[in-house]
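Remarks on the structure that follows.
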Amino acid sequence: MNAPVSAPDPTADRATLRRAIAASAVGNATEWFDYGIYAYGVTYISAALFPGDVGEAVLFALATFAISFLIRPLGGYSGDRWETGWAENPCWR
């Protein structure tokens with residue numbers, strides 16, 4: 001007969017909580033730095049990737065920037081679904 005399994009304690013100690021907050025902050029800062037660099041260099045990127053009229057090229061580059069914000073939640077959702085399915089694979093248990 002199997003012994004009953006108790007649920008893990010949902011409260012985290014302060015060190016774990018601080019570490020999680022710090023890791024989240026570093027990841028968020030890195031991502032926003034990436035977006036900032038793209039926004040700063042949009043004139044150079046638009047000239048290199050979208051030849052033609054300067055106004056249209058900047059508009060296309062900024063549209064690419066906007067699309068990355070719109071697609072991000074879909075990537076998070078699909079990545080979560082893929083990782084959950086992958087982690088539940090019996091060979092990984």
Side-chain angles (χ1 to χ4, degrees):
M1 186 124 154
N2 293 339
V5 177
S6 62
D9 185 18
T11 59
D13 61 342
R14 291 180 72 82
T16 303
L17 189 58
R18 273 195 215 123
R19 186 174 176 197
I21 291 171
S24 297
V26 168
N28 196 12
T30 303
E31 185 171 356
W32 280 105
F33 178 75
D34 186 35
Y35 281 127
I37 292 297
Y38 184 82
Y40 182 74
V42 75
T43 55
Y44 305 111
I45 293 169
S46 63
L49 297 179
F50 304 107
D53 183 37
V54 174
E56 287 180 2
V58 171
L59 186 63
F60 286 141
L62 291 175
T64 304
F65 189 56
I67 288 170
S68 71
F69 276 102
L70 297 174
I71 297 298
R72 184 175 173 211
L74 297 175
Y77 176 74
S78 64
D80 180 53
R81 300 289 295 168
W82 179 79
E83 289 172 358
T84 301
W86 182 72
E88 291 175 356
N89 190 346
C91 70
W92 293 107
R93 290 186 191 162

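The basis for the numbers below is simple: all heavy atoms, side chains too, and nothing from hydrogens, waters or symmetry mates. Owing to the predicted nature of the structure, the values given are computational and were not obtained by experimental measurement.
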Item checked: Enclosure of F69 CZ (heavy-atom neighbours >12, cutoff 6.0 Å) ->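 Yes, CZ of F69 has more than 12 neighbouring heavy atoms, counting only those of other groups under 6.0 Å.
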
Notebook entry, point to check: Which heavy atom in S46 sits nearest to a heavy atom in A57, and how many Å separate them?
Noted result: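 Taking every non-hydrogen atom into account, CB-O, 3.3 Å.
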
Note to self: Looking at every heavy atom in both V26 and T30, which two are closest together, and how far apart are they?
What the structure shows: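 The pair with the smallest heavy-atom distance is O-OG1, 2.8 Å.
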
Next item on the list: On the 0 to 90° scale, with breaks at 30° and 60°, tag the F50-F60 ring pair as parallel, tilted or perpendicular.
Entry: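 Tilted: the ring planes of F50 and F60 meet at 30° to 60°.
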
Note to self: Assess the residue pair W32 and Y38 against the criterion (ring-ring contact (aromatic ring centres under 6.0 Å, His included)); give the C-alpha distance rounded to whole Å, side-chain angles, the decisive distance to 0.1 Å, and a yes or no.
What the structure shows: CA-CA 10 Å; W32 280 105; Y38 184 82; over 10 Å; no

Item checked: Main-chain N/O of F65 paired to Y35 side chain as donor or acceptor, under 3.5 Å ->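 Checked: no pair found.
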
Rounded to the nearest 0.5 Å, how far apart are [atom1] of [X] and [atom2] of [Y]?
X: I21; Y: R18; atom1: CD1; atom2: CZ; result: 9.0 Å
X: I67; Y: L62; atom1: CD1; atom2: CG; result: 11.0 Å
X: S68; Y: E31; atom1: OG; atom2: CD; result: 8.5 Å

